[in-house]
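Comments concern the structure below.
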Amino acid sequence: MRLIATLLFLLVPILGVWTFWIAPEHGWWFPKSVSSYGADIDRLFYIILWMVGITFVATEVILAWCIFRYGRKDPSKAAFTHGNHTLEMVWTAVPAVLLLFIAFSQMKVWADVKFGDSFPKDGRFTIDEPIGEVWASQFDWRVRYPDEDGNLEGADVIEKAFEFTVPLGEPVVFNLRSRDVLHSFFVPNFRLKQDAVPGMVIPVWFQADEPGEYDLICAELCGWGHYKMAGRVRVLPADEYDAWLAAEREALYANGTEELEEDE
Amino acid sequence: MSSPTTRELPLGIDDPGTVHVTHEHHELGFIRKYIFSTDHKVIGIQFMFTGLLFLVLGGLMAMAIRWQLAWPWTEMPAVLGFLFPETGRVVSPEAYTMLFTMHGTIMIFFVIIPLLTGAYGNFLIPLQTGAPDMAFPKLNMLGYWFMVPAAFCAIAGFFTEGGAAAAGWTAYPPLSTIESAAPGSLSGQTWWLLALTFVGVSSMMGAVNYVTTIVKMRAPGMTLMRMPLSIWGLFIAALLQLFALPVLTAASIMQLLDRTLHTGFFTPTNLIVNNVGAETVGAAAGGQPLLWQHLFWFYSHPAVYIMVVPAMGFASDIIATHARKPIFGYKPMVYSMAGIAGLGFIVWGHHMFTSGMNPMVGMTFMVSTIMIALPSAVKVFNWLGTLWDSRIRFTTPMLFALGFVSMFIIGGLSGIWMASTPVDIYIHDTYIVVSHFHYVVFAGSVFAIFAAIYHWFPKMFGRVMNETLGKFHFVGTFIFTNCVFYMMHQIGIAGLMRRTADPYSYETYQHLQPLNEVISISAFLLFAWQAFFVVNFFHSLFFGKRVGRNPWNASSLEWDAPSPPGHGNFDKELTVYRGPYEYGSPEVEEDFLPQTRKLETKQTV
Ligand code: HEM
Ligand SMILES: [Cu+2]
Ligand SMILES: [Cu+2]
């Protein structure tokens, strides 16, 4: 049993590290990061990965070693000790310092992403003039772009279902809202997640640095259809975005006038 | 019913010797003895059977969840499919939400907490502290019987219109409060809240009892710092219950009011749910969904420690006994448990980093949460210190206790990622979280419960469990547990969300299906493997080898009582002379030195 147990407990760190090692090449790993702060978040993840990885291997190997070494049949008595004060101090103080280091190294990125004060101020879109609103409701995403005067009421507001079109390479700020229950706006490629809470208007920002289409996922249980609340974020180069927005306005206007004519 | 010499045991004032004498003539009818018993041991065993039964039920639900994640919307084999007769053995999206909601609820409130504090809290506290019974035996009995309406309400949900609760075990409003939001929000959620309230009352009665017994009824010489770490763990867990439970109970009642009387504690104004306007959903207005989250986690974060601190205690007892060596750093072990419990009250916000809570507050919660890893680390180092230069005996309880340490390391370390706010933005509610809490709660606490069952079985029933079957049970359980939960880290890093009935409806997740199949198959094997345990348990119950008082040569107090102990527990006068872990002491020939043994020469502290 001693050898079986040693093997079993030794396999934990070995296979544990191995699976992390091979995961990226099988795609069982982060989807590509395409947002301005995505790389920062990934970097923090890797710093912690190294620190906990080393601790994990060290403790698990010591455990396996103890099982191997002190599991032998031995009629003598075990060491009769009740502890060691110095050792206790060391293994309290060292992790304390490391943990504090981890804690403090997170703060800047957290503030950058979530603090209202650190939202981008110089771009086209700011906390006071967001690109628009994203409304979540049971199993539906609605994106609303204001009219030319920044108004979100009225007939000339562009409303898109399940599709959030944004410009490339500039900070995008929007207001996240919910019509009914909790939802969460999650774009894995942006490393961005924020719950939508009914009754609250929550400003959110990101900057996408690569054009393309990305999955928008609802990450907070919202009912039976939670699993299919799939939206898309389309990132277009700025000029294409402007063209797209103009075209949408045009279409809305055309529709609107048609309707007016019909009414007459 | 009772013979003339019988008398009630008042608050442990009886001296155990007399108790034994009366016990001989003491005949209670079957019902008083095994069903409506006030004996802490019987109550403990009742909790154990209830908990294990629910473990099977919760496990079956987990299997159905795993089937769906590997092969969504396909017909299940009959063993699982019987759960969904109307839909032709295929889980519906509504049923899926009920499955994981009730799986979590059952596992936490009907399996882990009852097994740790109900079963072993009851069984061990009087035996390990040298008391003849609990301080309030009737209250204790009532505590168990409150589990019956609790279980009834939990299961009743499935049979009501709309089915069981479907808002997750966290029951976030408005999903949980508004009837049109989810089918399970019809009456299922009301049943769920009632179940929770009954469980809470039951736990409260238990906790009052445990604290009083430990404070007031210890045998002479049993100072606080001579108590086994199991008792410390149970003591601290009971204090956590006492301080945190009222908040959950209040919150449940507020949610109940929101649902039934349409108050608006948690419901904001102007909701339009399922195309039903505000008037009809009954938003009295002005409520705050986040308030529930605060109240819920103010209880439920301490609750996760209620689910592990006693397990740490059991593992410590079992490791010292089967490694034949004193616990390394007994006092740091006690302080770190207390530290975990204290810090445990100021970290609840780490479940809410992305909830819309003020990010400034999130920052402080991050620091306190990361620091809670410190006492956890200290405990791990002390277990390793205990094993160093020990003399390990590979018994089944020891293997499970070692497994607990190994698995707890993984669960504790992954907590650090999630505590780090920027990283948690990405991994919150992904499978990393699922992996994390299963490593602590399943691979940790359930392993410790298995260890406890194998270790204290002889004391409970006077027979030992079969070692060969036990070892088979351990090896398979250890392997398959890791096959199930380890790769969930990678899946979570790939961004897979929890609580999604069909993850593959998102392009981002489609390539993860093969891995999910592997996990699901491992989960089925893990479940099936428990047959070794079931067979062993029932076989040993009736045909196991009979043993005397102290089959493991352990030195804590419970091993001084007969196996199984009679009513009143001890048949001799007890005085405690030393701590519970004097293994390998040079003062005696044997490698253990019972707490009660009086030595002529100098006394150890
Ligand atoms: C080493 C110390 C620990 C740290 C730093 C830690 C940290 C965390 C954090 C930050 C979360 C929230 C993750 C998220 O939702 O994004 C979490 C979730 C959780 N933790 Fe821990 N944890 C620790 C130990 C434990 C222990 C000992 C247990 C239980 C015995 C536990 C059980 C849970 C459970 C059940 C959840 C999930 C709750 C849910 O959302 O349903 N954790 N942990
Ligand atoms: Cu959702
Ligand atoms: Cu927590």
Side-chain angles (χ1 to χ4, degrees), chain A residues 1-2 5 8-9 12 19 23 27-31 41 44-45 48 52 56 59-60 62-63 66 70-71 74 77-80 82-83 88 91-92 95-96 99 102-103 106-107 109-110 114-115 179-182 188 191 193-195 197-200 202 215 217 219 221 223-224 227-228 230, chain B residues 93-94 97 168 172 174-175 181-182 268 271-273 289 324-326 328-329 332 354-356 359 367 370 373-374 377-378 381 384 387-392 394 406 409 413 416-417 420-423 425-426 429 478 490 493-495 497 499-502 505-508 511 584-586 591:
Chain A
M1 196 64 223
R2 175 174 73 112
L8 274 181
F9 282 85
V12 172
T19 48
W28 308 327
W29 205 247
F30 289 110
I41 290 179
L44 292 172
F45 175 89
I48 300 176
V52 302
F56 165 64
T59 46
E60 297 282 2
I62 293 173
L63 181 62
C66 287
Y70 304 113
D74 183 345
K77 287 182 184 177
F80 188 65
H82 290 85
E88 297 284 353
W91 70 38
T92 309
L99 289 169
I102 292 183
Q106 311 293 320
M107 290 183 174
V109 179
W110 173 249
K114 295 278 180 182
F115 279 17
R179 225 176 273 288
D180 44 33
V181 298
L182 300 175
R191 309 289 187 264
K193 185 181 293 136
Q194 176 60 57
D195 289 5
V197 185
M200 287 174 78
I202 301 175
D215 265 343
I217 292 165
L221 177 64
W224 66 270
Y227 70 96
K228 54 171 196 178
Chain B
E94 291 88 348
T97 52
Y172 283 1
L175 185 62
L271 293 190
I272 301 169
V273 180
R324 317 308 295 161
K325 187 166 172 265
F328 195 88
T354 67
S355 69
V367 178
I370 290 184
L374 183 61
V378 169
F381 297 145
L384 294 178
L387 289 169
W388 196 265
D389 211 353
S390 64
R391 298 289 179 270
I392 297 174
F394 292 104
S406 172
I409 292 174
L413 287 173
I416 298 176
W417 271 313
S420 304
T421 41
V423 180
I425 296 175
Y426 179 71
D429 263 351
F478 190 77
Q490 282 85 354
I493 294 168
M497 298 306 308
R499 297 173 171 176
T500 41
D502 179 6
S505 62
Y506 296 103
E507 205 180 291
T508 314
H511 67 293
S585 163
D591 65 350

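Quick note on labels: first sequence line is chain A, next is B, and so on, each numbered from 1. Since we're looking at a predicted model, the values are computed, not measured.
- With a threshold of 4.5 angstrom between heavy atoms, B/P586 approaches chain A through its backbone and through its side chain.
- A donor-acceptor pair under 3.5 Å is formed between the side chain of A/K77 and the backbone N or O of B/S585.
- Between chain B and the options A/A79, A/A23, A/G199, A/P188, heavy-atom pairs under 4.5 Å are most frequent for A/A79.
- With chain B as partner, the option from A/V197, A/L182, A/I202, A/I102 having the largest number of non-hydrogen pairs under 4.5 angstrom is A/L182.
- For a residue to count as touching a neighbouring chain, one of its non-hydrogen atoms must lie under 4.5 Å from one of that chain's; by this rule A/M200 touches chain B with the side chain only.
- For a residue to count as touching a neighbouring chain, one of its non-hydrogen atoms must lie under 4.5 Å from one of that chain's; by this rule A/I48 touches chain B with backbone and side chain alike.
- For chain B, the nearby part of A/A5 is the side chain; its heavy atoms alone come within less than 4.5 Å.
- Of the atoms belonging to B/Y506, heavy atoms from both backbone and side chain fall under 4.5 Å from chain A.
- Using a distance-only test at 3.5 Å, with no hydrogens or angles considered, no donor-acceptor pair links the side chain of B/S505 to the main chain of A/A230.
- Aromatic ring orientation, B/F328 versus A/W91: tilted (interplanar angle from 30° to 60°).
- For B/F394, the ring-ring contact (aromatic ring centres under 6.0 Å, His included) criterion is met by no residue, not counting sequence neighbours.
- If you tally non-hydrogen atom pairs under 4.5 Å between each of A/G27, A/P198, A/A96, A/G223 and chain B, the highest count goes to A/P198.
- Both the backbone and the side chain of B/S355 come within contact range of chain A, judged by heavy atoms closer than 4.5 Å.
- Put simply, of A/I62, A/T59, A/V109, A/L44, the one with the most heavy-atom pairs under 4.5 Å next to chain B is A/T59.
- Contact between A/L63 and B/S406 at its shortest, heavy atoms only, is CD2-CB, 3.6 Å.
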Q) When you look at B/I370 and B/S420, which way does the side chain to side chain contact (heavy atoms under 4.5 Å, CB included) test go after all the steps? A) CA-CA 7 Å; B/I370 290 184; B/S420 304; 4.0 Å; yes
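- Residues passing the salt bridge (charged side-chain N to carboxylate O under 4.0 Å, His left out) test with B/R391 are A/D74, B/D389, sequence neighbours excluded.
- Both the backbone and the side chain of A/Q194 come within contact range of chain B, judged by heavy atoms closer than 4.5 Å.
- A/L99 is listed as a side-chain neighbour of B/I416, based on a closest heavy-atom distance under 4.5 Å.
- No other option in B/T421, B/T500, B/T97, B/I409 has as many heavy-atom pairs under 4.5 Å with chain A as B/T421.
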